[in-house]
Amino acid sequence: MADFAPSTFAIAGRELSSRLILGTGGFPRLGTLADAIRESGTEIVTVALRRIDPQAQGSLTDVLDECGVTVLPNTAGCYTARDAVTTAQLARAAFDTDWVKLEVIGDERTLLPDAAELLVAAERLVADGFVVLPYTTDDPVLARRLEDVGCAAIMPLGSPIGSGMGINNAYNLRLIREQTKLPVILDAGVGTASDAALAIELGCDAVLCASAISRAENPVAMARAIRLAIEAGLLAREAGRIPRRLYAEASTQEAGLAEFHHPSDPQRAIPQ
Amino acid sequence: MADFAPSTFAIAGRELSSRLILGTGGFPRLGTLADAIRESGTEIVTVALRRIDPQAQGSLTDVLDECGVTVLPNTAGCYTARDAVTTAQLARAAFDTDWVKLEVIGDERTLLPDAAELLVAAERLVADGFVVLPYTTDDPVLARRLEDVGCAAIMPLGSPIGSGMGINNAYNLRLIREQTKLPVILDAGVGTASDAALAIELGCDAVLCASAISRAENPVAMARAIRLAIEAGLLAREAGRIPRRLYAEASTQEAGLAEFHHPSDPQRAIPQ
Amino acid sequence: MADFAPSTFAIAGRELSSRLILGTGGFPRLGTLADAIRESGTEIVTVALRRIDPQAQGSLTDVLDECGVTVLPNTAGCYTARDAVTTAQLARAAFDTDWVKLEVIGDERTLLPDAAELLVAAERLVADGFVVLPYTTDDPVLARRLEDVGCAAIMPLGSPIGSGMGINNAYNLRLIREQTKLPVILDAGVGTASDAALAIELGCDAVLCASAISRAENPVAMARAIRLAIEAGLLAREAGRIPRRLYAEASTQEAGLAEFHHPSDPQRAIPQ
Amino acid sequence: MADFAPSTFAIAGRELSSRLILGTGGFPRLGTLADAIRESGTEIVTVALRRIDPQAQGSLTDVLDECGVTVLPNTAGCYTARDAVTTAQLARAAFDTDWVKLEVIGDERTLLPDAAELLVAAERLVADGFVVLPYTTDDPVLARRLEDVGCAAIMPLGSPIGSGMGINNAYNLRLIREQTKLPVILDAGVGTASDAALAIELGCDAVLCASAISRAENPVAMARAIRLAIEAGLLAREAGRIPRRLYAEASTQEAGLAEFHHPSDPQRAIPQ
Amino acid sequence: MIVLNGTESEVLTPVTVAELVRLVEAPDRGVAVAVDSEVVPRGEWDLFEVSDGARVEILTAVQGG
Amino acid sequence: MIVLNGTESEVLTPVTVAELVRLVEAPDRGVAVAVDSEVVPRGEWDLFEVSDGARVEILTAVQGG
Amino acid sequence: MIVLNGTESEVLTPVTVAELVRLVEAPDRGVAVAVDSEVVPRGEWDLFEVSDGARVEILTAVQGG
Amino acid sequence: MIVLNGTESEVLTPVTVAELVRLVEAPDRGVAVAVDSEVVPRGEWDLFEVSDGARVEILTAVQGG
């Protein structure tokens, strides 16, 4: 129904109605990717830059074109501000977009971001005219610093990329949400639908998922599941949830309760 | 799409396509209740029995009829097996149904069930021909005992009625799910959409909500939110989520990564 | 120091200064058990009743005598009120004590208590003059019912026996603590020291540990660890902890902060 | 007993037997501080630098001397690398120590560290010959970078200073512990004894507490509580805790269980 | 005198359940009656006579969780 | 024949509980006996005669949680 | 000799970026080129001459999170 | 005029750090001085002359977390 049309949000002035950004990594086949894109309802998908591979099967670019989605290049695999900046510039040349999902990784095992390199890279890319969407930790101060240097969104992790652990520190996400007017996009950690719903309920504007969808047993069904979960979380947030109470609150009135008397039999079955 | 038609489940042989049972308690107006019923997509709603109130505005029964939902009477307010049995028998006479949501409360402040009274009441009602849906604790042994005496479903709480705390002990819910073939319906505790999605992901067949919806600022929107969350949770469960990993798993391949060299400038921005 | 002498508590009028009850099950050797008893500082240890085993090495009874601890027989292995009552009566005859740790198990895999059988057994044993310490679930209503039939303490589980999962539902433990004047003894689930400290901080009067100590790599060291943790938890509870705050509260005053000016260099190192 | 003498650890080559560093902030009176220091058993306490206050009551320096503890100056109140470095240099001049607890704050409300400024300050201070103990976030990559620039320990927060929330992200603490050979000292967030025990069980070498002790209703008792909790956590860690199991493991043997037969009465009390 | 829905009511007894149901203006559906804690099936309302001192509960559906 | 601690034993009956306790080499403390699920107090062991077909349980303390 | 996508290639230099792009059979869209870590805009490919020893990276889109 | 611990003070300059330290009644231990954000080692206090307009910070230990 019209009155439940999901409210939109905007990144760098671009209005978006889908709150799911889909990472294209990990899909077994391009056909599955295409189906998942359609089920997810996403408007933006991420891609990476790699050397031309003559053996490559099919054209990712063609598939994404057919799906009519916008390509958001990332800088996956970069461990320094320097490499990330160069990679972003190449992505701009290749895809003709000045948007970049900025990743500067600090550790191979956890793929966690390197706060200092990330901040330097963000600063340089903003100066170079990029719309910078940084993949960052859940550190609220780093988030503010990224905002200060001119990033277009904050993309904090819930837990490590592909870990499926969900949101390890909801408190920090809440702080990030409170302090910024930028869009907050949960990036990394989502394992299943409830994680995505929770992220939105905590105040995130959108969720980026790759592995949770692409590596599910049925990626297309999971794409739809997470799309619905995000819609559910958004509706719930806007519907104004009940407060958490320490004790119960009856959902049935006491008034008018009947009173029965069975003198014949003890009030309780036990003790007998 | 057809292939995502939510799989159905059955209680006492009755096939149900909605996995949301709506408690009618707490809605400010009957009109809101009716709208929420439609948005929720529910097929079954609970009602209570109370003394005739001449001042009562409008007819609940008429509203529920118009919505075309099945009435599931509860025994809310009963503190003994004896009163619960009598109340169930009256409900059967009033609504012409042998289904009952059995509540035997043990504490006024938390409205938690009384395990022993509940078990005795369930046993008696089953013997009397009722289809018994017991509101129970999250105790897996009590759940099995309720199954042994012939209940038609297990309805464990996540947290106290109306508390909105969600699921306090997911471990026990998992045990209950593992051990029974009966439908498991999370009853009580849901506060918002992600709680409902999680319940289904944990293996519950359905969720019963009253306060989470009826007392939300916008009950109709929350009805829809929880309906979508349940659908999302079910799809996600069936889609086969990724495992939780202790470390990261890259969603972008390493292979083909470019190598840049900037002899001019130090590898990292910091240390300088 | 005198002023930190751990405050005592009482079960059925018996003053106890140790808040650790030690389960003797699982110790590899009687010598280790004896050492652990001494390190734990416990005054009460549990034992079970089994058929005479001609092959049995050493005398458990002698060891416990030498340690000067009181024997608390349990009814481990009983699945019905009937067997538990008979076992308790035999224990009374064997150990010349009317105290019993009442266990009525409902499931072989989880060893969770059977609420209804437990309540019936407790009622019968109290009527037969026993001091009943029931191993129960974390259900607050069952706890009250056990109090109503005359039990001498409430012994809720934190998680299944030997699982080492700690406390799965702190909320229920808090409710049990609030509602009763009986001693509350956390029984089952403790895995390590912090679990025991937390139990006491939540308001438990004591903790019963078997596997956490007996099956640790070094049972004697773990006995001491848990003893200290309980002492720490009790002191902390009585010392009045600081409240949880959503934001920070400086532990260093702002007043008198120096102000430096380095016109030469930008305020922050980054952005550069 | 000798064999339970808590194992020592070392910071920058200095052997320490106490694993509690006490922050002196927040104590109502110097006398209370002195008593708490003694009860805590600490060897190192932190102080801040502020402008001479003619109204100041008593001499903090004298009190600390009498207690025979080492002074660890902090840079509390600094928001830039520049100010932190200057403050550290002044502290070195004032206290004649090259150790510094490095704080570079990024947000007034949460007092969370500023990752980039912290890293730059640490690098400069190490180059200037300081033994740098940085108060940092729970970011494992930042922790490694701090190690790379030559810090002497890693001091991650559990939650914001004075918040008493405990450890918000145990996963990150575990990662930090795994990856470094430096001492890891939990700094900030501890609210009560079990938090401190848990920190040590997670692998921290020590805990720094200020508000948890100084602002407790009874600071001296809490000092002792946390000291014991740390000792308990260390013993437990070294004793080798039992694994977490999904199901129960009996602590009482099945073998030799008696079998009773009461043909007269039904096996279970309920159903009757 | 009988106790009708918890209130002492001066009603001439004997009185049938059907008369009491009309008395409380019960709707024509979704109503149940208990006399002294025993259910009186709808089919017996016309004939079932409530005697003096009886406790009568006439109940209907209300919103409930 | 009696069932002694779960095992059929060819014992000449009647036999006293005291004799059975000796037979199983029970320690002199911490022992309890049930005959057909009824406790036999220590004081009655010498006189209590176990008849043919009885189920006798002679129990003692073991390590238990 | 140049290093083309990480592999030493015996290519007669000078050679234009455009020629190298054809050599690696790059698709006609979504491709970017860096020579010695500097981006070479598409518009310059025909004229930009790669000299001996240069490191050339020719990249395109792959699936990425 | 100098700025002493954040307050403008009419002090005849030049004045030595040592004189200022006495002026604020600093304890004889645990004190550090910065002039225009540069640390002045204790050994130089007697000779170090503070000139007009300088910002002087004289600090000591306070309770801190």
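Numbered from 1 within each chain, the chains take letters A, B, ... in sequence-line order. In this text the structure is predicted, and so the values were computed from the model without any measurement.
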Interface moiety of B/Asp107 toward chain A, non-hydrogen atoms closer than 4.5 Å: neither
What are the two closest non-hydrogen atoms of B/Arg50 and A/Glu254, and how far apart are they? NE-O, 3.7 Å
Shortest non-hydrogen separation from B/Arg215 to A/Ser251 and the atoms involved: NH1-CA, 3.9 Å
If you tally heavy-atom pairs under 4.5 Å against chain B, which of A/Gly240, A/Gly25, A/Ala81, A/Gly166 wins? A/Gly240
If one checks every heavy atom of B/Val85 against chain A at 4.5 Å, the contacting part turns out to be neither
Measuring heavy-atom distances to chain A, does B/Pro243 have an atom under 4.5 Å in its side chain, in its backbone, in both, or in neither? backbone
What closest approach, in Å, do A/Ala236 and B/Ala225 show between heavy atoms, and which atom pair accounts for it? N-CB, 3.5 Å
For A/Ala229 and B/Ala232, which heavy atoms make the closest approach, and how far apart are they? N-CB, 3.5 Å
Any carboxylate oxygen within less than 4.0 angstrom of a Lys/Arg side-chain nitrogen, looking at A/Glu217 and B/Arg241? no
Rounded to the nearest 0.5 angstrom, the OG1-CG distance for A/Thr252 and B/Asn74 is 4.5 Å
Residue, of A/Ala121, A/Ala197, A/Ala193, A/Ala196, that accumulates the most heavy atom pairs under 4.5 Å with chain B: A/Ala193
Where the side chain of B/Arg109 meets the backbone of A/Tyr247, is there a donor-acceptor pair that is under 3.5 Å apart? no
Of A/Ala48, A/Gly77, A/Ser214, A/Gly26, the largest count of non-hydrogen pairs under 4.5 angstrom with chain B goes to A/Gly77
Could you check whether any side-chain N or O of B/Glu249 sits under 3.5 Å from a backbone N or O of A/Ile161, counting only pairs where one atom can act as donor and the other as acceptor? no
Below 4.5 Å, heavy-atom pairs only: which of A/Gly164, A/Ala255, A/Ser163 has the largest tally toward chain B? A/Ser163
Selection from A/Gly191, A/Gly23, A/Pro219, A/Ala76 maximising heavy-atom pairs under 4.5 Å formed with chain B: A/Gly191
Can A/Glu259 and B/Arg51 be counted as an ion pair, charged N to O under 4.0 angstrom? yes
Taking B/Arg244, B/Glu201, B/Met165 one by one, which has the highest count of heavy-atom pairs under 4.5 Å against chain A? B/Glu201
Of the backbone (N, CA, C, O) and the side chain (C-beta and beyond), which part of B/Gln253 lies under 4.5 Å from a heavy atom of chain A, both, or neither? both
If you take all heavy atoms of B/Ile242 and A/Ser211, which pair is closest and at what distance? CG2-O, 3.5 Å
Among the listed options B/Ser194, B/Ser159, B/Gly162, B/Gly189, the residue most often paired with chain A at heavy-atom distances under 4.5 Å: B/Ser194
Measure B/Ala210 against the heavy atoms of chain A and call it side chain, backbone, both or neither at under 4.5 Å. side chain
For B/Leu246, is it the side chain, the backbone, both or neither that has a heavy atom under 4.5 Å from a heavy atom of chain A? backbone
Under the side chain to side chain contact (heavy atoms under 4.5 Å, CB included) rule, what do A/Glu231 and B/Arg224 come out as? Steps first, then yes or no, please. CA-CA 10 Å; A/Glu231 193 177 339; B/Arg224 182 176 173 79; 3.8 Å; yes
To check you understand the geometry: which heavy-atom pair defines the closest contact between A/Ala250 and B/Leu111, and what is its length? CA-CD1, 3.5 Å
Could you check which of A/Asp195, A/Thr80, A/Ile230, A/Leu257 has the highest count of heavy-atom pairs closer than 4.5 Å to chain B? A/Leu257
